[in-house]
Protein chains: 2
Amino acid sequence: MKQPNRITISNIAELAGVSKATASLVLNGKGDEYRVSEETQQRILSIAEEHRYQPSFHARALRSSRSHTIGLVIPFLTQFTNASLARELESLFRNAGIQIIIACSDEDPEQEKLVVNNLLQRQVDGLIVISSNSSDEAYSKIHSYVPVVQLGRQIGDSSLPLIMTDAESSTTSLIQVLATQHPDEIYYFGGEPTLTPSKQRLAGYKQGLQQAGVSLRPEWIRQRNFFSYSGYDMMEEVCNELGRPPKALFTASFSLLEGVLQYLNQNPEMQQGLHLASFDDHELLDFMPLRIDSIAQDYTALAFNAFTMLMALMEDKAVLPPTMQTIPARIRWRHPESRRLSKQITTESLPK
Amino acid sequence: MKQPNRITISNIAELAGVSKATASLVLNGKGDEYRVSEETQQRILSIAEEHRYQPSFHARALRSSRSHTIGLVIPFLTQFTNASLARELESLFRNAGIQIIIACSDEDPEQEKLVVNNLLQRQVDGLIVISSNSSDEAYSKIHSYVPVVQLGRQIGDSSLPLIMTDAESSTTSLIQVLATQHPDEIYYFGGEPTLTPSKQRLAGYKQGLQQAGVSLRPEWIRQRNFFSYSGYDMMEEVCNELGRPPKALFTASFSLLEGVLQYLNQNPEMQQGLHLASFDDHELLDFMPLRIDSIAQDYTALAFNAFTMLMALMEDKAVLPPTMQTIPARIRWRHPESRRLSKQITTESLPK
DNA sequence: TTGAAAGCGCTAACAA
DNA sequence: TTGTTAGCGCTTTCAA
């Protein structure tokens with residue numbers, strides 16, 4: 001099962017009656033630079049064309065210790081947020097002539113180690129990670145020889161280059177509006193408390209309450225992990241405790257929201273009077289009977305900045321000054337009352 | 001930006017005071033076979049361990065012309081169906097020690113050519129394609145030296161190994177139930193007519209009508225492509241023609257359904273009396289006010305069979321007899337009336 | 001029981 | 001203007 005009639009540079013050289021070196025130069029566009037005669041160049045080029053010469057990727061990588069490949073570490077491919085980022089990145093790097101290898105950690109730090117190792121073994125030239133780790137120890141080491149960019153999540157308080165959504169301010173605004181409507185009860189469901197997204201979204205929640213003049217009750221905050229079953233479980237728990245649904249609920253991720261929705265689907269009576277809001281957005285939310293306010297991340301900008309950052313790092317290791325970038329998010333008001341209030345509040349808080 | 005202190009097999013050999021050859025044998029588990037002394041083996045192994053020796057992937061690939069990598073060609077990463085397949089495959093191959101490279105064609109045959117070329121250049125050992133092509137000419141050639149498995153879609157009438165959902169029979173059943181309820185009007189929105197999924201789903205639609213004793217009106221069938229905007233456009237078209245929504249509508253893919261939903265969201269009056277059904281399923285459909293009947297593909301089985309098939313082909317090129325496999329789909333009844341009818345019909349058509 | 005040597009396909013000094 | 005040569009890291013005869 002070998003590549004058949006695959007033509008090598010030696011073959012080309014032979015056919016053209018030149019040496020491998022000359023052929024190599026010409027085929028790499030360095031013909032002029034090294035002043036290979038026009039005629040020879042043409043001959044080589046046309047032979048290569050004719051035989052559909054394709055340089056061996058592995059030989060090249062071995063020789064130059066550059067694989068023109070980068071690795072993307074992602075929790076799950078089926079989560080809409082991650083898939084969107086992966087999609088954008090794939091296209092950006094493809095157009096830049098760089099192959100991207102997507103590896104899934106399944107949100108498991110152990111497995112993340114494995115897949116990263118794997119990628120490193122393949123000599124990826126760079127790494128973009130949506131990490132499930134809370135320590136950047138391993139990545140710091142790696143970064144000393146292969147640039148690493150954190151995307152979407154900060155690993156602990158890592159100082160490695162980082163691109164992420166400004167979750168705090170958008171969450172604050174959303175919660176402020178929500179709390180204004182439901183000052184007496186507004187729950188928060190979060191994921192792994194150790195991950196930065198959790199921290200920021202929680203911080204935003206707290207600040208939103210404060211801005212609305214609502215004082216936090218500790219039992220409003222529940223945190224587990226980002227799997228959707230956690231959303232289900234927390235919802236079940238709260239509904240059981242209250243004997244009714246909470247008046248308002250903010251889920252810190254789309255996956256958690258899915259779990260909550262699943263619970264509501266099985267217990268439709270718990271939809272009564274519930275005001276839902278969530279971090280992360282999905283088109284289908286537009287069609288849901290519950291008017292769920294949500295926060296939409298800007299995947300295009302996130303991906304683009306991560307791309308640009310990594311490309312810069314790969315080209316020369318002189319790290320650019322702003323090594324951390326935050327991308328604003330956009331709130332999508334779906335609840336009519338929220339929409340009204342949000343306009344009002346925005347107007348009020350404007351200077352004039 | 002070089003891999004630092006990366007240890008090579010020469011280093012190991014040197015440190016152990018043996019030759020590269022011996023080290024290689026031991027490190028590849030062929031020590032016993034070649035009767036390398038136990039003591040030497042231990043020495044080599046422990047040194048490798050100590051220095052965290054990692055064989056160079058590219059050197060190995062160059063030497064053995066096997067990259068332990070396979071390529072997956074997929075239209076879009078953000079389509080739930082494709083992402084689900086990708087996810088399953090990623091995990092299967094990862095556990096088998098094989099790296100999978102996902103390349104997106106954006107549903108564009110030209111781009112598909114490019115990315116396939118790219119993968120081939122990287123000497124992938126196998127290829128799984130969800131193709132947007134209607135001719136398998138290129139793939140047939142490729143298959144002669146790198147095994148190719150078609151997943152989800154048949155390329156033209158290609159005889160290359162193929163794993164796909166049995167779309168026809170499930171669609172037939174669904175349509176039969178739908179047509180029984182709405183014998184006077186039941187529309188069909190499809191994607192590229194040249195792609196097999198389209199053909200099969202359309203065939204299922206026609207047969208379902210027949211089984212329900214409904215005679216097809218040509219204007220019920222609209223086909224464009226699988227992008228969601230087509231769903232939007234077709235819906236707009238039909239609603240404008242009728243001055244009201246159709247009574248029943250089957251969309252041949254989830255993306256088309258999304259387009260339809262988007263239209264409905266902007267024109268809520270058109271939801272009135274509309275009975276929607278679709279090929280492909282999504283969790284969120286459970287929470288939609290419109291009770292949308294849908295057909296769920298079995299991603300796990302699809303992926304597993306593709307995996308098994310490709311692994312077999314990669315191991316020895318003796319192709320197994322059943323080179324085409326169909327995986328049954330499951331209908332998810334959400335509309336109460338559909339559910340009732342489906343039970344009734346099933347019972348009736350049972351032998352006793 | 002181990003080592004020497006060749007070579008996978010490519011690039012880049014250095015010569016000519 | 002072009003060719004020679006060495007070597008990236010690894011595996012695999014063949015010889016000792």
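What's counted below: heavy atoms across the whole structure, side chains too, no hydrogens, waters or symmetry copies. Convention: sequence-line order gives letters A, B, ...; per-chain numbering from 1.
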Exercise. If each of B/Lys30 and B/Leu62 is mapped to the nucleotide of DNA chain D with the nearest heavy atom, which maps nearer the 5' terminus, i.e. the 5' end?
Worked result: B/Leu62

For this session: Between A/Asn28 and B/Ala21, just flag the one whose closest nucleotide in DNA chain C comes earlier from the 5' side.
Result: B/Ala21

Gap between atoms [atom1] and [atom2], on [X] and [N] respectively (whole Å):
| X | N | atom1 | atom2 | result |
| --- | --- | --- | --- | --- |
| A/Glu38 | D/dT2 | CD | C1' | 15 Å |
| A/Ile7 | C/dC10 | CD1 | C1' | 15 Å |
| B/His58 | D/dC10 | NE2 | P | 12 Å |
| B/Arg60 | C/dG9 | CZ | C1' | 18 Å |
| A/Leu27 | C/dG9 | CG | P | 15 Å |
| A/Ile9 | C/dG7 | CD1 | C1' | 16 Å |
| B/Gln54 | D/dC8 | CD | P | 19 Å |
| B/Leu25 | D/dC10 | CG | P | 14 Å |

For this session: Report which part of the nucleic acid A/Phe57 touches: base, sugar-phosphate, or nothing (heavy-atom distance under 4.0 Å, all strands).
Result: nothing

Would you say [X] places a side-chain N or O within less than 4.0 Å of OP1 or OP2 belonging to [N]?
| X | N | result |
| --- | --- | --- |
| B/Thr8 | D/dG9 | no |
| B/Lys20 | C/dA5 | no |
| A/Ser37 | D/dT2 | yes |
| B/Thr22 | C/dG3 | yes |
| B/Thr40 | C/dT2 | yes |

Exercise. Are side-chain heavy atoms of A/Asn95 and A/Phe307 found at a separation under 4.5 Å?
Worked result: no

For this session: Answer yes or no: is there a side-chain heavy-atom contact under 4.5 Å between B/Tyr139 and B/Val116?
Result: yes

Problem set entry | Side-chain donor or acceptor of B/Arg87 paired with backbone N/O of A/Leu77 under 3.5 Å | no

For this session: Using modelled atom types only, decide if a donor and an acceptor are shared between the side chain of B/Ser131 and the backbone of B/Val129 within a distance under 3.5 Å.
Result: no

Problem set entry | Whether B/His58 and A/His58 hold their rings parallel, tilted or perpendicular, with breakpoints at 30° and 60° | tilted

Exercise. To the side chain of A/Pro55, which of C/dC10, D/dT12, C/dG3 is closest?
Worked result: C/dC10

